[in-house]
Amino acid sequence: MQIDKTIFGGVMFSLAVAYGWGAMHIPEPYGGAEAIGPDTFPYILAVILGICSLLYMIKPSAETKWPVGRSLLEICGVIAALFCYTILIEPAGFILATVVCVTFMSWRLGAPVKTAALVSSVGSVVIFSLFNFGLDLPLPIGFGA
């Protein structure tokens, strides 16, 4: 199992390098480069992922078992929800895509559906307003707007 974890760490490190390289090709934001902002955020993620994956390759965690059965199905469901989120965020808009994705994942973690939908709706509107109007970082509105 030690080799599997080292391979996993290597794959994650490769993803960090690819993500960092891809971040270098993101067009410069309006108004030029920023010290810390949307231009820098992808680099921060790449560095964190790179460091964590290197640490995992050097010193893997204690022996754990891979999930099977229902747990594996739950994980696949969350991965599918995140994949759909990335596809739907542009056409459906940030608020709707976030409400659907967060409600589903909260429900799978055990929250009542109505509570999850209410909290994700309020949170999505607040985050959308903060980014679009407070920080002037536009998020997709969706539906051709």
Side-chain angles (χ1 to χ4, degrees), residues 1-29 34 36-145:
M1 271 306 194
Q2 184 76 16
I3 293 173
D4 290 346
K5 292 179 180 183
T6 304
I7 291 171
F8 176 75
V11 168
M12 295 308 292
F13 184 75
S14 299
L15 286 174
V17 170
Y19 183 75
W21 181 79
M24 291 189 302
H25 296 87
I26 296 174
E28 195 170 285
E34 303 174 17
I36 295 186
D39 187 38
T40 311
F41 187 69
Y43 295 114
I44 293 170
L45 289 178
V47 168
I48 290 171
L49 179 59
I51 291 170
C52 291
S53 58
L54 281 174
L55 289 174
Y56 197 72
M57 284 189 326
I58 295 168
K59 187 175 188 238
S61 62
E63 190 63 37
T64 55
K65 294 181 181 180
W66 286 96
V68 293
R70 185 175 172 96
S71 297
L72 182 60
L73 189 61
E74 293 286 341
I75 291 170
C76 290
V78 169
I79 290 170
L82 291 172
F83 181 76
C84 290
Y85 180 74
T86 61
I87 291 172
L88 291 176
I89 195 165
E90 283 291 328
F94 174 81
I95 294 175
L96 182 60
T98 302
V99 167
V100 170
C101 186
V102 171
T103 299
F104 173 77
M105 289 193 301
S106 299
W107 170 63
R108 295 314 315 139
L109 289 170
V113 177
K114 289 180 183 178
T115 305
L118 177 66
V119 171
S120 64
S121 298
V122 171
S124 296
V125 170
V126 169
I127 291 169
F128 181 83
S129 300
L130 175 68
F131 272 70
N132 276 7
F133 307 117
L135 299 173
D136 199 29
L137 299 170
L139 293 173
I141 296 173
F143 298 112

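The first residue of the sequence shown is numbered 1, and numbering continues consecutively from there.
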Within this structure, what is the [atom1]-[atom2] distance for the pair [X] and [Y], rounded to the nearest 0.5 Å?
X	Y	atom1	atom2	answer
I87	L82	CD1	CG	11.5 Å
S53	I58	OG	CD1	9.5 Å
L109	E74	CG	CD	8.5 Å

Inset, instruction - Give a yes or no on whether F131 atom CZ has more than 12 heavy-atom contacts from other residues, nucleotides or ligands under 6.0 Å away. - result: no

Pairwise side-chain contact, [X] with [Y], heavy-atom cut-off 4.5 Å (strictly under):
X	Y	answer
L88	V100	no
L49	Y19	no
I141	F94	no

Inset, instruction - Report the relative orientation of the aromatic rings in F128 and F133; use parallel for angles under 30°, tilted for 30 to 60°, perpendicular for over 60°. - result: perpendicular

Legend entry - Closest contact, heavy atoms only, G50 versus A16: N-CB, 3.5 Å

Legend entry - Considering all heavy atoms, the nearest C101-A81 contact: SG-O, 3.8 Å

Inset, instruction - Name all residues meeting the salt bridge (Lys or Arg N to Asp or Glu O under 4.0 Å) criterion together with E90; count only those two or more places apart in sequence or in a different chain, and write none if there are none. - result: none

Legend entry - Of all pairs that satisfy side-chain hydrogen bond (donor to acceptor under 3.5 Å, both in side chains), the ones with a partner from residues 114-135, not counting sequence neighbours: T103-S120

Legend entry - side-chain contact (heavy atoms from CB on, under 4.5 Å) between I127 and T98, intermediate numbers included: CA-CA 10 Å; I127 291 169; T98 302; over 6 Å; no

